[in-house]
There are 2 protein chains.
Amino acid sequence: MNGAAPESRTRRRTRRAILATAASVLARNRTATLAEIADAAEVGRSTLHRYVSDRDELIRATVEDSIEVVGQAILDARAHEGPPLEAMRRVVMAHVEVGDRLMFLFRDPHVMREYGVVEPEHPVEHDPVIELIERGQAEGVFAPHLSPQWVQRVLWALVTAGIEQVESGRMSPHGVASLVIDTLEHGILAR
Amino acid sequence: MNGAAPESRTRRRTRRAILATAASVLARNRTATLAEIADAAEVGRSTLHRYVSDRDELIRATVEDSIEVVGQAILDARAHEGPPLEAMRRVVMAHVEVGDRLMFLFRDPHVMREYGVVEPEHPVEHDPVIELIERGQAEGVFAPHLSPQWVQRVLWALVTAGIEQVESGRMSPHGVASLVIDTLEHGILAR
DNA sequence: CCATTTTGGGACTCCGAACTCTCATTTTCG
DNA sequence: CGAAAATGAGAGTTCGGAGTCCCAAAATGG
């Protein structure tokens with residue numbers, strides 16, 4: 001399939017910088033200009049066009065890359081190992097760490113709806129987070145009456161909320177993960 | 001202040017339709033075209049321009065209108081009356097009912113940052129939801145270690161998540177409010 | 001029913017972002 | 001060092017949405 005054209009180290013680094021910056025900028029401003037993205041990535045507009053022909057292709061490539069990065073972060077969190085509660089905490093921290101990519105992918109549902117991968121390599125049944133939630137429910141740790149998809153969506157929502165709080169200066173970066181975990185686990189009632 | 005020019009019933013209705021539709025469309029696609037918005041509102045593009053001169057003014061007017069609608073819905077929820085827990089449940093249901101406006105206002109932080117009212121009639125200290133949360137904390141119902149702003153943000157996040165679940169067909173419209181309330185109150189742990 | 005208001009649709013211009021192309025310069029790496 | 005790769009900057013073109021105008025048709029309301 002691939003024309004046996006390995007990318008040079010230089011080009012690979014530039015490509016990474018472009019895609020990472022695009023995710024970060026587009027997450028915060030969906031109408032950002034290509035010039036703005038190029039500037040933020042510290043690259044000329046011409047160079048940007050050497051890597052992606054189109055705005056459309058830029059978004060497509062950024063989606064693909066972001067899915068890759070997020071997926072790897074979750075794998076690194078070893079969701080399938082250890083007690084579900086501890087695994088969930090690692091997963092939350094992993095989410096926070098790739099917050100930019102997550103916000104790019106999921107803040108605007110339009111992005112995933114239009115550009116989401118057509119042929120998921122790992123079908124939904126193998127999503128590590130879903131499996132973790134199901135495992136936790138089976139072991140009696142997570143509430144059994146909540147659908148795993150809902151729990152996962154809540155996880156995204158809280159992580160996003162936490163990141164926004166940090167960016168708006170209403171919260172220190174340090175405590176976000178634990179606050180999110182606490183709220184996710186226990187809600188807002190006194191106990 | 002106002003040039004004593006009361007708007008005819010006809011114009012008032014079309015204005016409402018335009019602003020409501022704009023909120024709904026822009027909430028789901030921040031890059032929607034004016035033509036798309038006009039179509040969705042079932043008015044001609046010319047008519048749209050008769051009510052707002054500019055895309056900028058359309059957004060500004062939609063923000064103002066949405067704040068009005070959301071504020072009224074929250075007032076109707078009587079946040080200051082009765083036990084905090086029940087008041088919070090009414091507030092959640094009110095949020096769900098004006099979900100479109102909420103998503104327009106808060107899904108993209110850029111909107112409120114750029115167009116949010118400059119002179120809030122009711123300063124932040126008088127936000128009924130914040131006051132409800134503080135009251136609930138004072139009465140020992142809500143967790144005291146969570147800042148009211150964080151609780152409010154979580155409330156928004158969960159309502160948004162619920163609405164999205166409904167729209168994606170993963171959940172029935174009926175049970176959303178109670179699911180959001182349950183998750184908000186207790187989190188995801190088994191109990 | 002008639003005067004007035006409101007609307008829809010088309011034709012037109014304008015503008016900014018997107019995209020293309022070229023060439024000199026810099027960086028990489030054997 | 002020297003060839004090849006990669007980049008930056010600028011000029012020029014294209015394109016689509018935004019905004020303007022006009023007129024015939026429809027709806028409103030007295």
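Note that these values count all heavy atoms, side chains included, but never hydrogens, waters or copies made by symmetry. Note on naming: letters A, B, ... go to the chains in the order of the sequence lines (proteins, then strands), and numbering restarts at 1 for each one.
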(message) If I take atom CD1 in residue Ile18(B) and atom P in nucleotide dG8(C), what distance separates them, rounded to the nearest angstrom?
(response) 9 Å
(request) Starting from C1' on dT6(C), measure out to CD on Glu7(B) and report it in whole angstrom. (result) 12 Å
(request) Ignoring hydrogens and angles, state whether a donor on the side chain of His145(A) or Asp182(B) is under 3.5 Å from an acceptor on the partner side chain. (result) yes
(request) Please answer whether the main-chain N or O of Thr33(A) pairs with a side-chain N or O of Glu36(A) as donor and acceptor at a distance below 3.5 Å. (result) yes
(request) Kindly determine whether Tyr115(A) and Asp56(A) satisfy side chain to side chain contact (heavy atoms under 4.5 Å, CB included), including the steps that lead there. (result) CA-CA 9 Å; Tyr115(A) 298 93; Asp56(A) 206 68; 2.8 Å; yes
(request) Summarise protein proximity over nucleotides 12-28 of chain D in one line of letters, 5' to 3': B for base, S for sugar-phosphate only, - for none, counting protein heavy atoms closer than 4.0 Å. (result) -----SSBB-B-----S
(request) For Thr31(A), check side chain to side chain contact (heavy atoms under 4.5 Å, CB included) against everything at least two apart and list the hits. (result) Asn29(A), Arg30(B), Thr31(B)
(message) So for the helix from dC1(C)-dG30(D) to dG30(C)-dC1(D), with five pairs setting each end axis, what is the inter-axis angle to 10°?
(response) 50°
(request) May I ask you to check whether over 12 heavy atoms, not counting those of Arg16(A), lie within 6.0 Å of atom CZ? (result) no
(message) Side chains of Val63(A) and Val111(A), heavy atoms from C-beta outward: is any pair under 4.5 Å?
(response) yes
(message) Run the side chain to side chain contact (heavy atoms under 4.5 Å, CB included) test against Glu114(B) and tell me which residues pass, sequence neighbours left out.
(response) His110(B)
(request) Could you tell me the separation between the CG atom of Leu48(A) and the P atom of dA9(D), rounded to a whole number of Å? (result) 14 Å
(message) Please determine whether a side-chain nitrogen or oxygen atom of Tyr51(B) lies at a distance below 4.0 Å from atom OP1 or OP2 of dT6(C).
(response) no
(request) Please report, rounded to the nearest Å, how far the P atom of dG10(D) is from the CG atom of Asp39(A). (result) 12 Å
(request) Classify the nucleic acid contact of Glu42(B) as base, sugar-phosphate or nothing, counting any heavy atom under 4.0 Å across all strands shown. (result) sugar-phosphate
(message) Taking the nucleotide of DNA chain C with the nearest heavy atom to each, does Arg9(A) or Gly44(B) sit closer to the 5' end?
(response) Gly44(B)
(request) Tell me, please, which residues at least two apart from Thr160(B) pass side-chain hydrogen bond (donor to acceptor under 3.5 Å, both in side chains). (result) none
(message) Suppose the criterion is side chain to side chain donor-acceptor pair (under 3.5 Å): which pairs have a residue in residues 85-97 of chain B, not counting sequence neighbours?
(response) Arg89(B)-Glu185(B)
(message) Measuring from the side chain of Arg11(A) (C-beta onward, heavy atoms only), which nucleotide among dT7(C), dA6(D), dG8(D) has the closest atom?
(response) dA6(D)
(message) Is there a side-chain contact between Ser8(B) and the phosphate of dG29(D), meaning an N or O under 4.0 Å from OP1 or OP2?
(response) no
